[in-house]
Each structure stands twice: as C-alpha cells, then as structure tokens.
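In what follows, a structure is listed as structure tokens, so that the remarks can point back to it.
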Amino acid sequence: MNPLLECEKVTIKFGGVTAVSELDLHIREHELVGLIGPNGAGKTTAFNLITGVYQPTAGSIAFGGRTTAGVKPELLSLRGISRTFQNIRLFASMTVFDNVRTAMQGNRAQRVRDALLRGKSFRETEARVKHEAMELLKIFGLDEACDAPGKSLPYGDQRRLEIVRALATQPKLLLLDEPAAGMNPTEKQQLMELIRFVHDKFGIAVLLVEHDMKVVMGICQRITVLDYGRKIAEGTPVEIRSDPKVIAAYLGKEEG
Amino acid sequence: MDWFLQQLINGLALGAIYALIALGYTMVYGVLRFINFAHSDVLMLGAFSAFYLTPIIVPMLGAQTVWTALAVILLSAAICAVIGMTIEFLAYRPLRKRPRLTVLITAIGVSLFLEFTGQHEKVFGAATKPFPTLLPKRDLIFGALHISSNDLVVLALTAVLLVAMWFIVQRTKIGMAMRAVSYNEQAAALMGVNVNAVISFTFGLGSALAAVAGIFYAMRAPGIEPLMGVQPGLRAFIAAVLGGIGNLPGAALGGIVLGLLETFFGGMPGLSNYRDGIAFALLILILLFRPAGLLGKLQMEKV
Amino acid sequence: MMRGKEQIFLLVAIVVAVALSFASGAFNRYYLGIAVDVGINIILAVSLNLINGHTGQFSLGHAGFMAVGGYTAAKLTLLYGALLPPAAQPFLFAAALLAGGLVAALAGLLVGVPSLRLRGDYLAIVTLGFGEIIRVIFQTSDFFGAATGLTGITKMTTFGWAWALAAVTVYVVACLVNSTYGRGFIAVHDDEIAASAMGINTVRYKVTAFVVGAFFAGIAGGLYAHHKLVLKPDGFDFVRSIEIVVMVILGGMGRTAGVICAAVILTILPELLRGVAEYRMIIYALLIIGLMLTRPQGLFTFGKKGGA
C-alpha cells in the first residue's frame with residue numbers, strides 16, 4: 001500500500017529540551033498504528049508536529065507525498081489530517097450538531113454575498129451540510145442528542161463526538177490522542193470497537209496515542225514506542241510485547 | 001547636548017513616576033491575572049489625601065519640612081492601601097471564580113464610580129485645585145542644566161521603593177506567598193497559603209505605591225482634579241504591558257522607557273502633539289514582535 | 001419555508017423606520033433626538049458584538065472606528081454639500097456614510113492584523129491604542145479641524161436613516177452569524193486550536209469580524225456626525241469605547257437580541273436620570289458594578305446564543 005505519512009528524522013527542541021529526537025514514523029494508507037511510551041516521552045508533541053501546531057527544528061514530514069513544512073494546521077486539515085485532543089476540545093458554546101457541521105465546512109465556506117442574500121445556492125449548501133452532518137451523527141448514534149450542547153454529553157459521548165467531528169473533515173489520517181483516558185474497562189472495550197469500526201468503515205489510516213496497553217495491543221497493526229523523545233522500538237504487538245527495551249522502558253514500570 | 005541631558009533627567013523623573021504606578025498594575029496582574037482599571041483613580045485619591053492632609057499636618061511638623069512631607073506621603077499611602085484593599089474586598093473578591101472579562105468590566109465600573117464621585121461638588125468637585133508645596137523646590141543649576149530638587153527626590157525614592165519591592169517579593173515570606181499565588185493559586189492554597197490575605201496585601205501594596213506616585217505626579221502637574229489619574233494611569237498601564245505584564249523589573253523598565261519617550265518627543269517641536277500616538281504606536285510595534293512584552297515570557301498554550 | 005424570512009424582517013423594519021420618519025414632525029424633537037441616538041447605539045453595539053461577542057476577540061477601539069467613519073462622512077458632506085442641488089443631498093449623504101464605513105473597514109483591517117498574534121488583555125490594549133492613535137491623528141490634523149474638530153455639519157441624519165441602517169446592521173450580522181461565517185466566528189471564540197485543527201481558517205474569520213464590525217461602526221459615526229452636527233476628537237476617547245463594550249456585556253455577549261435591548265436601555269437611562277443629573281454618572285457606574293456582581297452573564301439571556 002502507498003505511504004501516507006512519512007516522518008524522517010524529525011526533531012524538535014524547546015529551549016534546551018529536545019522533546020522529540022530523530023523520529024522516523026511511517027504510516028501507510030488504511031493502517032492502524034499505535035504510538036506508545038511513558039509519560040513525557042513526546043507522544044503528544046509528535047502529534048502536534050504532524051498536525052502543524054509545531055514546526056520541527058530538524059527533519060522532514062510529508063503527507064501524501066507533499067511536505068508539510070510551514071503548512072498551517074487548517075490547511076493540513078483540508079489535506080486530510082484530522083485529530084482529537086487529549087483534553088477534549090469541543091466547541092463549548094455549540095450544539096452537538098453544530099460541532100459536526102462546523103468541522104464539515106472547511107473548504108466549503110460560503111461567500112459573504114451568498115450569506116447575505118440567502119439565495120438558492122446558499123440554502124442548498126446549508127441543506128446538504130445539514131443532511132451530511134445528520135447522517136454522520138446517525139452512524140454513531142448521536143443524532144438524537146443533536147440539539148444538546150456538546151459539552152452536556154456524558155464523558156464517553158463527548159469523546160465519541162470529538163471523533164465524529166474529526167471525521168466530518170473527511171480525513172485520510174485520523175490522529176487520536178489518548179482517547180481512553182479517564183474511561184472505565186467497559187467504556188474502553190466500547191472505544192476499541194469504535195476505533196476498529198471507524199478504521200474499517202471509513203477506510204482511513206489511524207494513529208493512536210494511548211497509555212492503556214490493552215487498548216493499543218488489542219487493535220493496532222503496528223506499534224512505535226517512544227522514550228525520552230526517541231524511538232526505541234517498532235513492530236507488531238507481539239514483537240513489542242517481547243522487546244526487552246520496551247519492557248525495560250515502559251512495560252516493566254507500568255505493568256510490573 | 002544640554003538639551004539632551006535636560007530631557008534625559010526630566011524623562012527619568014517622569015518615568016520613575018510611571019514605574020511606580022506600573023508596579024501596581026503588574027503586581028495585581030501577577031496574582032489575579034486582570035488589569036485593575038481603578039488603579040489610576042487610586043493614584044488620584046492619593047493626591048487628594050495629601051491635599052487634605054497637608055493643612056492638618058503642617059501645624060504639627062512645620063511647613064515644607066522633610067518630616068511633613070514624609071508624614072503626608074506615608075499617611076496618604078496608608079489611606080490608599082486601605083482603599084485598594086476595600087475595593088478588592090467589595091468588588092473583585094466576589095468575582096474571583098468568574099471569567100476575567102467580568103472582573104475587568106467591574107474594574108471599569110469602579111473606576112468610573114471613583115471619577116464621577118470625585119467630580120461631584122460635595123466631594124472634590126471637578127475644578128482643578130492647586131497642590132500644596134510639600135518640599136521646598138530648588139533648581140540645581142549646572143551651566144544650562146536645570147535639575148529640580150523634586151525630580152531628584154522622585155528618582156531616589158523610586159530607586160529605594162523598587163529595591164524594597166524586589167526585597168519584599170523575593171526575600172520575604174509574604175513575597176514568596178505572592179509568587180506562589182501568581183504561579184498557581186490552587187496549589188498555593190493547598191500548600192497552606194492564605195490566598196485572600198495575599199491578594200489583599202498585593203492590592204494594599206500596589207495602592208500605596210500609586211498614592212506615592214500620585215503625590216509626585218501632582219507636584220509636577222498644574223494642579224489636581226478627579227480625572228488627573230487617567231492620563232498617567234493609561235501610560236503606566238502601557239508601561240506595564242510594554243515591560244511584560246506581571247513582571248516587576250519589566251514594569252520599571254517600561255515606565256522609564258515611556259517617560260523618556262514622552263519627554264523627548266514632547267520636547268521636539270512639531271512632534272509634541274503626537275506623543276500619545278507615538279507611545280501607543282511603539283507599544284503596538286513591540287507587542288507585534290514580542291507579544292509578551294520586553295521582559296515577559298510567552299506562555300504557550302498547551303495543546 | 002425559510003425563504004425570505006430575514007428579508008421580510010429587513011423590509012418591514014426599513015419601511016416602518018422611513019414611515020415614522022416622515023411622520024416625525026408630530027413627535028417631540030427631544031424624544032426624536034434620543035430615538036436617533038438609540039438607533040446609532042444599536043448599530044455600534046451590534047457591530048461590536050460581532051467582534052467581542054461572537055468571535056471572542058476583545059476590542060476596546062470601537063470609538064476609533066466610529067471616529068474614522070464620522071470624520072470621513074462629515075468632511076465629504078462639508079466639501080460637496082454646497083456644490084450639489086437639494087435633491088441630490090440624500091444621495092450625497094448615502095455616499096458619505098458608505099465612504100465612512102469603507103474607510104473605517106480599512107482601519108478595521110489594520111487592527112485585525114494584530115489580533116492574529118495577540119489575545120485577551122494584550123489585544124485589548126492594542127485596540128485601545130489604535131483608538132487613541134486615531135484620535136490623536138484627528139486632534140493634530142488641521143484638515144480635520146484639529147482640537148476644535150469639525151463644525152457646521154448639515155443636519156442629515158433622521159429617524160428613518162438611523163433606524164433603517166440599524167435594521168440593515170442587525171440583518172447583516174444575523175445573516176453572517178447564521179452561515180458558515182457565524183460558525184467560523186463561534187469556533188474561533190470557543191477554541192482556536194480545535195478550530196484550526198478542523199480546517200477553520202481562524203485568521204480569515206478574525207479579520208472578517210474586525211472589518212465588518214468596523215464598517216458598521218464607521219456608518220454609525222457618519223450618522224452621529226450628521227446628528228450632533230459637531231465632531232470633536234474628545235468625543236471618541238476610550239470612555240466611549242467602554243460604553244459600547246458595556247452595552248455588549250450587559251446584553252449578554254453574542255446575543256444580538258439582548259445587545260439591542262441593552263443599547264436601548266443604556267441610551268435612555270442617562271436621559272431618565274437627567275432629573276438627578278449630578279448623580280447620574282455615579283448611578284451608571286454603580287449599575288455596572290452591581291450588574292457584574294449579580295448578573296455577569298448579561299442582563300438579558302433570552303435569544304439564542306450566536307443567533308439573532
């Protein structure tokens with residue numbers, strides 16, 4: 001399959017601290033990859049580098065064969081990178097429906113004239129976006145809550161809504177930043193099914209940052225392990241599980 | 001050259017006054033993260049306190065003596081400290097957990113209240129009043145250079161107060177508590193810091209400095225009136241932002257920079273009318289290139 | 001069914017405003033003057049609400065935009081008013097208002113650019129600074145009458161002009177807010193980082209809000225100039241900006257209906273307090289403090305947030 005995301009020797013320094021060092025990370029189309037590592041290993045920083053929030057100090061990132069250097073997050077989103085956040089960042093004053101609708105508008109923003117005249121093309125695009133957003137919400141069973149404020153949903157549903165919102169941008173690559181944080185075992189089980197479902201149904205690549213070993217091992221095809229900003233291992237879940245370096249750096253401490 | 005030195009000294013003296021006011025803005029910002037719009041009116045109240053105290057104190061300690069000046073300044077500072085703490089207690093403390101915008105608007109309300117109450121004929125009245133001469137004013141003349149003794153006093157006093165502030169914030173227990181509250185209010189509270197007391201103290205200290213600044217500003221001004229704080233307040237506010245709000249040396253630096261700018265541009269024919277505009281234009285330019293001010297540290301939002 | 005609902009509102013509002021304006025001879029001149037003030041303040045408050053309320057920026061420079069529009073429009077009618085026949089005067093006025101709005105919009109573009117790098121208190125001080133710079137420019141420019149300002153402006157603002165343009169402002173802001181623009185504004189307001197991750201061009205929305213907001217403030221300035229007939233730089237200092245900010249906050253940030261009500265009440269209130277003139281500004285100040293302490297979410301919470 002074709003490579004989708006290619007990170008080559010990506011490094012970023014904040015002042016004197018090297019948060020990510022010479023990271024090589026490759027994701028092919030429709031792959032489900034996990035990125036794990038102990039606290040402070042640089043996972044979220046790697047996310048922010050891929051999504052354009054930070055620019056690397058050295059190294060290169062390409063998405064779909066084109067470099068992402070100097071490209072702003074909103075343009076990367078239009079190219080097909082979407083994400084969720086570790087500390088859920090829904091649009092707080094919007095309804096569930098508007099959260100999704102807003103993410104959908106990306107490159108389809110109306111012209112001022114159309115918005116003011118409210119003519120035929122304006123009403124048609126509004127109707128189409130509305131239809132598409134409702135369809136998407138239906139798939140995830142959130143359509144009944146569509147008029148509720150996004151922030152009023154139960155915690156698990158907020159996480160789900162954030163994934164739906166990310167999907168509304170029609171991504172080729174979806175980055176999930178610790179989606180299982182704060183969930184109980186049942187919710188985690190449901191989340192795993194949800195991620196698998198998203199991966200299959202939408203045919204997209206998924207990069208999952210996660211703390212919870214069970215979740216990562218259970219669904220990822222390939223896993224990259226970071227420690228102190230460096231990649232220390234890469235392989236299938238089985239390989240990772242038996243890699244002595246990983247055990248020393250991470251599993252040994254966490255799972256005993 | 002003489003002209004340059006003359007402007008330099010005038011500018012430093014004016015800048016020192018701005019620095020004193022800016023310290024109050026910056027300290028309050030440090031602990032509460034909001035701009036206390038009423039600070040400029042506390043400065044006005046300081047000048048008026050001195051105005052009403054002087055005739056009471058002169059019979060006791062003599063006219064134009066150091067002791068009278070000292071007593072008037074200290075008592076005015078104490079009065080303003082109480083006023084500042086009262087404002088915090090009544091208007092800001094109930095809003096501690098509310099959005100900062102709410103507190104900011106309240107502060108604007110307090111500012112308008114003090115200004116309009118002051119303008120009422122039964123309070124101070126809107127007319128300009130001559131400020132009493134606290135210290136005998138002598139001009140020290142070096143060739144073409146005229147240095148007002150008041151300017152020297154302001155400079156010396158500001159230097160002393162700056163060092164005192166630094167000492168309080170860096171070397172005392174209450175200063176450590178201020179820094180802790182500034183860093184993380186909740187964590188400070190959990191560590192046993194009495195957050196309310198610290199914030200109250202900060203307001204008191206800032207207001208006392210404003211009173212001192214107000215008195216010295218009044219000495220240079222043609223007189224005092226209830227809106228006298230607005231202009232220096234605004235400039236000091238710019239100074240605090242310029243230096244990096246929340247940063248004590250930054251406030252002092254910003255104040256000096258602004259004072260120098262004002263006197264140099266004000267002293268140049270043809271540019272004097274533009275000096276307010278120039279101060280703001282400079283501020284905007286600096287913020288565009290250093291969004292956190294000259295000495296401030298930019299805090300990146302954690303994603 | 002949606003077809004034309006907004007347009008009908010706009011049309012009815014304009015017709016009513018103009019009709020009342022023709023009948024204005026029957027009304028007390030004093031009340032009529034206040035009614036014009038109300039219309040102008042609605043334009044100011046609703047347009048500032050677009051910047052401060054919906055888009056979540058914090059502008060303290062609205063009076064500056066108003067000054068730009070007012071001076072531009074007044075200068076145009078002063079220069080060309082005498083050259084044109086009476087029948088052409090309304091067209092000149094309309095052109096002058098439009099020109100004032102456009103120049104103010106240009107100023108809005110200039111102020112919008114710092115908003116890309118600054119936020120919160122820093123943005124507030126920069127917009128305040130822009131307002132003051134604009135004031136200083138007018139104060140020192142002989143072309144604009146320097147400190148004395150512009151006098152002898154022809155009375156052209158009527159009840160009809162003020163209220164019809166207020167209706168247009170409300171219409172435009174409501175239409176923008178209920179479109180992809182509005183969702184872009186609110187996304188920027190709620191969370192800029194999430195917005196840009198979802199493909200929202202935050203720069204574009206912030207600048208649009210500033211430009212559109214400034215445009216209408218400029219129009220309001222033109223109306224104000226031809227209502228008061230005298231323009232002084234002092235009338236556009238930051239206390240004026242703060243008055244408009246207070247209207248937006250009391251109305252409930254981002255709620256157009258509430259902001260309109262606040263504009264009406266805060267314009268009429270000082271007039272009602274004329275009997276106790278010496279206390280009225282003190283009462284005004286206490287009112288602000290009291291409301292912030294008891295109802296910080298705004299006086300009015302009806303009307304959909306974000307909508308009209």
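Neither the backbone nor the side chain of Thr51(A) comes within less than 4.5 Å of any heavy atom of chain C. Proximity to chain C (any heavy atom under 4.5 Å) is shown, for Arg79(A), by neither the backbone nor the side chain.
Between the side chains of Asp147(A) and Thr95(A), no donor-acceptor pair of N or O atoms lies under 3.5 Å. In this structure, a donor-acceptor pair under 3.5 Å is absent between the side chains of Thr202(C) and Glu74(A).
Counting non-hydrogen atoms of other residues, nucleotides and ligands closer than 6.0 Å to NZ of Lys151(A) gives a total above 12.
Phe14(A) and Tyr54(A) have their aromatic ring centers within a separation under 6.0 angstrom.
The greatest number of non-hydrogen atom pairs below 4.5 Å with chain C, out of Met94(A), Arg101(A), Lys72(A), is found for Arg101(A).
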